[in-house]
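One structure is given here, and the rest of the page talks about it.
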Amino acid sequence: MKQIAVRTGWLVAAMLAVSALIVMGQGAWTAVAFINVSFLLSLLPLSLGGLLFVYERGFFNGFAYGFRRLRRNRTKVERYLEEAAAEHETEEPLSPRRFAITYPLLFSGLLLFLVMIAAGYAVQ
């Protein structure tokens, strides 16, 4: 858990640094420009972390299984032979991969997203 917090902190710091560099590169530095750039940059890790989270939970396993079954277009003899062979084998479901960066991406994007929404309302 501590490692997730450390990685999240580093990602937030990196996104804020990149936001500052982008705003400085644009010329005139304003708080609103910094908040806007930070908000938009927070959407990238939030989306990527969300996709990895959904993938890790196995949401797409049902779709993949359905397409595998659809792709199999065989004769009845081949299906009977396959069913007979399947009775003797136990098919273990494939577990999706786990990524160490999923939660830091998700948490850093969400944290920066919410902070920038609050900062945007505070500035106005």
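Given the structure is predicted, the values throughout are model-derived calculations rather than measurements. Only heavy atoms go into these numbers, but all of them, side chains included; no hydrogens, no water, no symmetry mates.
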Which atom pairs, one a donor and one an acceptor, fall under 3.5 Å between side chains of residues 21-35 and the rest of the protein, sequence neighbours left out?
from  : atom 1 : to    : atom 2 : distance (Å)
Thr30 : OG1    : Ala33 : N      : 3.1

Distance-only check: which donor-acceptor pairs under 3.5 Å involve side-chain atoms of residues 3-18, not counting sequence neighbours?
from : atom 1 : to     : atom 2 : distance (Å)
Arg7 : NH1    : Ala100 : O      : 3.3
Thr8 : OG1    : Ile4   : O      : 2.7

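For Val115, the side chain to side chain contact (heavy atoms under 4.5 Å, CB included) test picks out Leu111, with sequence neighbours left out. A search for side-chain hydrogen bond (donor to acceptor under 3.5 Å, both in side chains) contacts involving Ser38 returns Ser19, not counting sequence neighbours. In this view, Leu40 and Leu43 satisfy the side chain to side chain contact (heavy atoms under 4.5 Å, CB included) rule, not counting sequence neighbours.
Under a hydrophobic-cluster definition in which Ile, Leu, Val, Met, Phe, Trp and Tyr are linked whenever side-chain heavy atoms come within less than 4.5 Å, directly or via other members, Phe99 and Leu51 are assigned to different clusters.
Atoms CG and CG, from Leu112 and Leu44 in turn, are 11.5 Å apart once rounded to the nearest 0.5 Å. Distance check: Phe113 CZ to Leu41 CG gives 13.5 Å after rounding to the nearest 0.5 Å.
Shown are Leu106, Leu105, Leu110, Ile101; of these, the side-chain contact (heavy atoms from CB on, under 4.5 Å) with Pro45 is made only by Leu105.
Applying the side-chain hydrogen bond (donor to acceptor under 3.5 Å, both in side chains) test to every pair with at least one member in residues 102-120, sequence neighbours left out, gives these pairs: Glu56-Thr102, Arg57-Tyr103.
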